[in-house]
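Have a look at the structure below, then the notes.
Residue numbers begin at 1 in each chain, while the letters A, B, ... track the order of the sequences.
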Number of protein chains: 2
Amino acid sequence: MERDRIPEAVIRRLPKYYRYLSEQLRAGEERVSSSGMSRDMGLNASQIRRDLNCFGGFGQQGYGYNIEKLRGEIMRIMGIDARQRMVIIGAGNIGQALAGYGGFAREGFLAVGLFDTDSTVIGQRVSELVVRPVAELAAFLRRQPVQVGVICTPAAAAQETADRLVQGGVRGIWNFAPCDVQVKAGVAVENVHLNDSLFVLSYRLREDGSEG
Amino acid sequence: MERDRIPEAVIRRLPKYYRYLSEQLRAGEERVSSSGMSRDMGLNASQIRRDLNCFGGFGQQGYGYNIEKLRGEIMRIMGIDARQRMVIIGAGNIGQALAGYGGFAREGFLAVGLFDTDSTVIGQRVSELVVRPVAELAAFLRRQPVQVGVICTPAAAAQETADRLVQGGVRGIWNFAPCDVQVKAGVAVENVHLNDSLFVLSYRLREDGSEG
DNA sequence: TAGATTGTTAATCGATTAACAATC
DNA sequence: TAGATTGTTAATCGATTAACAATC
């Protein structure tokens, strides 16, 4: 069965569905309709039905969607039903925060290594991890498969870090450095550009002020 | 002069232009053409010309764009030519990292307050700031104008925090909590949903794997 | 069966890209 | 003037929304 390519816009909404369904499940709800989700999430009901239908007919006419089942399907589609191992490169503010944040482990993303080049932080303990020298990264990756590499270095070191990760077999890069990185085909990059996000907020501050 | 509304997609690209132009300026370049930017940034040249033209004709036929001037215009448009003051609510991993990160201050965004409800962290020094009790937030905001409120609390406290910030006159919310918050019209919200971002990466890991 | 709600098609909207006349 | 490159219009593409027949 050949599935159509999933539109980019739909993929970006999946985590939001997942979040909503998890909440509803926790609240003890059993089923939900597209109009109910529309009301709660502020999305158009047609869009919700269309989105969910990209992956197959999980709904039932006259009933709606079973929350537990739909949530399970979305987990499977996003690949968060399996455990993923992550290494974090750069033990500065952001790197340490991500290493210490329990929210990812709770969803199955486990940080197994934290690396830096700065000898003053190497050896320090951060949460469950001890900061290792980046020079050991290649050997580390040879010993154990790692799915996700998190770049938390300064911009100047980001590309080299990406290269090392890809060289070591990592196929997903989560990039927090304030620059873009180039990777070969088959490697996924997801950027978290905090400065960019802050600038967009800054733009909207003015926009709303002058319109209101 | 009535300006057309700027498309959402263009606004999200502005920080990327800014980043590119800053780099070029640092490298000593003076002018750039849309085709040069296209090559370097991986965007379509038509799109670049169209984007930049949303704000007025900064270019010159046969010459291109003056980097310093264009960068200045984009700064002005995004509102990052002026200083902005931020308060951070939640002194956990993320809140502390943002308070300590120098990259925002360098762009004119200054963290002036860090708040938490946990008495074990209140009073602690984080970078230049001392963690204050959230109970003092209202009084703090009365004493000095703050443009941006950064929510770094757990999901359960996010909405209440947003309400307190808006009540205190903050008109821009940078939300790092893993949930959405509701605010009245005229308040801008920019979300940084780290879990969502990680899930999208996770989806692409599978996608590329099965296609490659 | 009647009511509710999906899945899906058609219509609309917005964003991207190609093409080229205008102009520096 | 000739060459380069913008600004802008027209064509294409993709995403959203409305509408409704299918069906539980």
Side-chain angles (χ1 to χ4, degrees), chain A residues 1-17 20-21 24 29-71 73-74 77 200 203-204 207, chain B residues 1-17 20-21 24 29-71 73-74 77 200 203-204 207:
Chain A
M1 173 170 58
E2 177 121 11
R3 277 241 197 285
D4 282 351
R5 212 187 54 78
I6 310 300
E8 169 72 17
V10 176
I11 295 164
R12 297 245 155 234
R13 277 191 293 270
L14 285 182
K16 194 169 159 125
Y17 290 129
Y20 175 76
L21 293 167
Q24 293 298 302
E29 298 296 323
E30 199 169 78
R31 67 186 177 118
V32 70
S33 67
S34 59
S35 66
M37 291 178 75
S38 173
R39 196 189 332 98
D40 296 343
M41 301 177 70
L43 299 177
N44 179 290
S46 280
Q47 183 173 65
I48 293 170
R49 290 199 295 280
R50 208 170 219 289
D51 283 0
L52 299 182
N53 220 240
C54 285
F55 306 96
F58 300 142
Q60 194 175 323
Q61 283 97 331
Y63 170 87
Y65 302 85
N66 177 281
I67 290 173
E68 190 161 9
K69 185 176 156 229
L70 180 58
R71 178 172 175 277
E73 287 292 347
I74 290 180
I77 292 159
V200 170
Y203 174 85
R204 289 200 205 290
E207 191 186 35
Chain B
M1 173 168 61
E2 176 123 10
R3 277 242 197 285
D4 282 351
R5 211 186 55 78
I6 309 302
E8 169 72 17
V10 177
I11 295 165
R12 297 244 155 232
R13 277 192 294 271
L14 286 181
K16 193 169 161 125
Y17 290 128
Y20 174 75
L21 293 167
Q24 292 299 302
E29 298 296 324
E30 199 169 77
R31 68 185 177 120
V32 70
S33 68
S34 59
S35 67
M37 292 179 74
S38 173
R39 196 189 335 98
D40 297 342
M41 301 179 69
L43 299 177
N44 179 290
S46 280
Q47 183 174 64
I48 293 170
R49 290 199 296 279
R50 207 171 221 289
D51 282 1
L52 300 180
N53 219 241
C54 284
F55 306 98
F58 301 141
Q60 194 175 324
Q61 281 97 332
Y63 170 87
Y65 302 86
N66 177 281
I67 290 173
E68 189 161 11
K69 187 176 154 228
L70 180 57
R71 178 172 174 278
E73 288 291 347
I74 290 180
I77 291 159
V200 170
Y203 174 85
R204 290 199 205 289
E207 190 186 35

| field | Side chains of L21(B) and Y65(B) in contact at under 4.5 Å (non-hydrogen atoms) | value | no

| query | How many angstroms lie between atom CG of L43(B) and atom CE of M41(B), to the nearest 0.5 angstrom? | reply | 5.0 Å

| Should I74(A) and F55(A) count as side-chain neighbours, where that means a heavy-atom distance under 4.5 Å? | no

| field | First and last nucleotide of DNA chain D, 5' to 3', lying under 4.0 Å from heavy atoms of chain A | value | dA15(D) to dC24(D)

| query | Would you say the side chain of Y20(A) lies within less than 4.5 Å of the side chain of V32(A), judging by non-hydrogen atoms? | reply | yes

| Going by heavy atoms in the side chains, are C54(A) and I6(A) under 4.5 Å from each other? | yes

| request: Report the distance from atom CD of Q47(A) to atom OG of S38(A), rounding to the nearest 0.5 Å. | output: 9.0 Å

| said: Regarding R12(B), tell me which of base, sugar-phosphate or nothing describes its non-hydrogen contacts under 4.0 Å with the strands shown. | reply: nothing

| query | Should R204(B) and I11(A) count as side-chain neighbours, where that means a heavy-atom distance under 4.5 Å? | reply | yes

| request: Report yes if some heavy atom in the side chain of R71(A) is under 4.5 Å from a heavy atom in the side chain of Y17(A); otherwise report no. | output: no

| said: Within residues 33-42 of chain B, which residues have any heavy atom lying less than 4.0 Å from an atom of DNA chain C? | reply: none

| field | Passing option when R13(A) is tested against I48(A), L52(A), D51(A) for side chain to side chain contact (heavy atoms under 4.5 Å, CB included) | value | D51(A)

| field | Residue pairs fulfilling salt bridge (Lys or Arg N to Asp or Glu O under 4.0 Å) with at least one residue in residues 33-50 of chain A, sequence neighbours excluded | value | none

| query | Would R12(A) and E8(A) count as a salt bridge (Lys or Arg N to Asp or Glu O under 4.0 Å) if you check the C-alpha gap in whole Å, the side-chain angles of each, and the deciding distance to 0.1 Å? | reply | CA-CA 6 Å; R12(A) 297 245 155 234; E8(A) 169 72 17; 3.1 Å; yes

| query | Where along residues 58-67 of chain A does a heavy atom come under 4.0 Å from DNA chain D, residue by residue in number order? | reply | Q60(A), Q61(A), G62(A)

| message | Over all strands shown, is R31(A) touching base, sugar-phosphate only, or nothing at heavy-atom distances under 4.0 angstrom? | response | nothing

| task | Grab the stems for DNA chain C, please: at least three consecutive Watson-Crick or wobble pairs, both distances below 3.5 Å, written as range with range. | result | C:3-24 with D:3-24

| query | Would you say R31(B)'s side chain and Y63(B)'s backbone share a donor-acceptor pair under 3.5 angstrom? | reply | yes

| Is it the case that more than 12 heavy atoms not belonging to E68(B) sit under 6.0 Å from its CD atom? | no

| query | Heavy-atom contacts under 4.0 Å between residues 46-53 of chain A and DNA chain D, which residues? | reply | S46(A), Q47(A), R49(A), R50(A)

| field | Spacing of CD belonging to Q60(B) relative to CG belonging to N66(B), to within rounding of 0.5 Å | value | 9.5 Å

| field | Min side-chain heavy-atom separation V200(A)-P15(B) under 4.5 Å | value | yes

